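Bear in mind the structure is a predicted one, so any value in this text is a computation, not a measurement. What you see below is based on every heavy atom in this structure, not just the backbone, and it leaves out hydrogens, waters and symmetry mates.
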Amino acid sequence: VWRSIDAAVNAAAQSIPASAKGQRVYFEVSPAPYGASESSFIGETLQRLGARNILSASMGPFPQVNPEFVVRAQPDVIMVGDSSVALMRQRPGWDALQALRPQHVCTFTAEQSDVLLRPGPRMVEAARLMAQCLGAGKGAP
């Protein structure tokens with residue numbers, strides 16, 4: 001099963017244009033805000049897709065993040081559940097985030113978020129959703 005997941009993640013990575021590789025990503029898992037770092041399964045998938053996570057592994061898998069940290073990091077892309085995106089715009093300084101322009105925020109439905117936030121066989125679908133976001137460079141997949 002895991003080999004087929006690896007193959008599918010690699011295929012998703014190949015679907016992303018070379019020009020979209022290396023984008024700096026902030027993936028918010030809940031509005032406290034908590035993010036997915038490089039050491040999380042989400043972060044590992046992003047890395048395999050060619051993205052760079054703004055949250056380092058040293059922060060732990062799902063660290064609570066100071067909103068100012070994200071402003072200073074200026075991610076290229078933000079991935080977030082649709083229930084949290086409105087709250088982002090209310091955070092101090094976040095109006096200065098280039099990534100909050102609509103074409104750089106991927107908002108995921110509750111169903112998509114469920115796929116993205118639970119490790120297991122559905123990681124194939126999660127990788128596809130993240131790849132669509134990175135490849136499209138705009139809006140929800």
Side-chain angles (χ1 to χ4, degrees), residues 1-101 103-141:
V1 170
W2 293 113
R3 260 186 239 169
S4 62
I5 291 173
D6 286 343
V9 172
N10 291 337
Q14 291 173 1
S15 72
I16 301 170
S19 62
K21 301 277 184 176
Q23 294 179 89
R24 293 173 28 263
V25 175
Y26 170 61
F27 191 112
E28 186 164 296
V29 295
S30 78
Y34 285 91
S37 81
E38 293 171 326
S39 66
S40 69
F41 66 92
I42 293 167
E44 290 174 13
T45 303
L46 285 169
Q47 182 179 21
R48 291 177 63 189
L49 294 174
R52 294 182 327 194
N53 197 321
I54 67 163
L55 303 180
S56 69
S58 65
M59 298 173 84
F62 298 100
Q64 184 168 12
V65 181
N66 181 328
E68 189 177 309
F69 177 88
V70 178
V71 173
R72 285 193 312 264
Q74 284 293 325
D76 301 312
V77 175
I78 294 174
M79 297 183 187
V80 62
D82 60 5
S83 62
S84 300
V85 74
L87 299 171
M88 288 182 154
R89 298 184 189 285
Q90 298 170 8
R91 294 177 186 155
W94 281 49
D95 54 343
L97 279 174
Q98 294 290 326
L100 274 182
R101 296 177 306 196
Q103 64 270 29
H104 296 279
V105 176
C106 292
T107 39
F108 299 107
T109 66
E111 270 182 32
Q112 290 170 328
S113 291
D114 187 54
V115 169
L116 289 158
L117 299 176
R118 296 175 191 251
R122 296 188 304 168
M123 285 307 298
V124 170
E125 177 67 11
R128 187 186 65 74
L129 289 167
M130 288 186 243
Q132 285 179 335
C133 171
L134 293 168
K138 62 178 185 191

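Leu46 pairs in a side-chain contact (heavy atoms from CB on, under 4.5 Å) with only one of the listed residues (Glu38, Gln23, Met79), which is Met79.
Atom CG of Leu49 and atom OG of Ser15 lie 8.0 Å apart (nearest 0.5 Å). Between the OH atom of Tyr34 and the OG atom of Ser40 there is a distance of 14.5 Å, given to the nearest 0.5 Å. If you take CG on Asp95 and CD on Gln90, they are separated by 12.0 Å, rounding to the nearest 0.5 Å. Between the CG atom in Asn53 and the OG1 atom in Thr45 there is a gap of 11.0 Å [rounded to 0.5 Å].
Side-chain atoms of Gln112 come within 3.5 Å of backbone atoms of Thr109 as a donor-acceptor pair (strictly under, hydrogens ignored). Between the side chain of Asn10 and the backbone N or O of Asp6 there is at least one donor-acceptor pair closer than 3.5 Å. Of the possible polar contacts, none joining the Arg48 side chain to the Ala12 backbone as a donor-acceptor pair under 3.5 Å is found.
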Step by step, would you call Val25 with Leu134 a side chain to side chain contact (heavy atoms under 4.5 Å, CB included)? CA-CA 9 Å; Val25 175; Leu134 293 168; 3.8 Å; yes

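Listed here is the closest heavy atom pair of Leu100 and Val105: CA-CG2, 3.6 Å. Closest approach of Val65 to Gly35, counting heavy atoms only: CG2-N, 4.0 Å. A pairwise comparison of heavy atoms in His104 and Gln98 identifies CD2-O, 4.2 Å as the closest pair. Among all heavy-atom pairs drawn from Ala126 and Val115, the shortest one is N-CG1, 3.7 Å.
With sequence neighbours left out, Ser37 forms a side-chain contact (heavy atoms from CB on, under 4.5 Å) with Ser39, Leu55, Pro63. Scanning for salt bridge (charged side-chain N to carboxylate O under 4.0 Å, His left out) contacts around Arg52 gives an empty result, with sequence neighbours left out.
Ring geometry for Trp94 against Tyr26 counts as perpendicular: the plane angle is over 60°, on a 0 to 90° scale with 30° as the lower cut.
Within the 4.5 Å cutoff, no side-chain heavy atoms of Val124 are placed close to those of Arg128.
Between Arg72 and Glu68 a salt bridge is recorded (basic side-chain N to carboxylate O distance below 4.0 Å).
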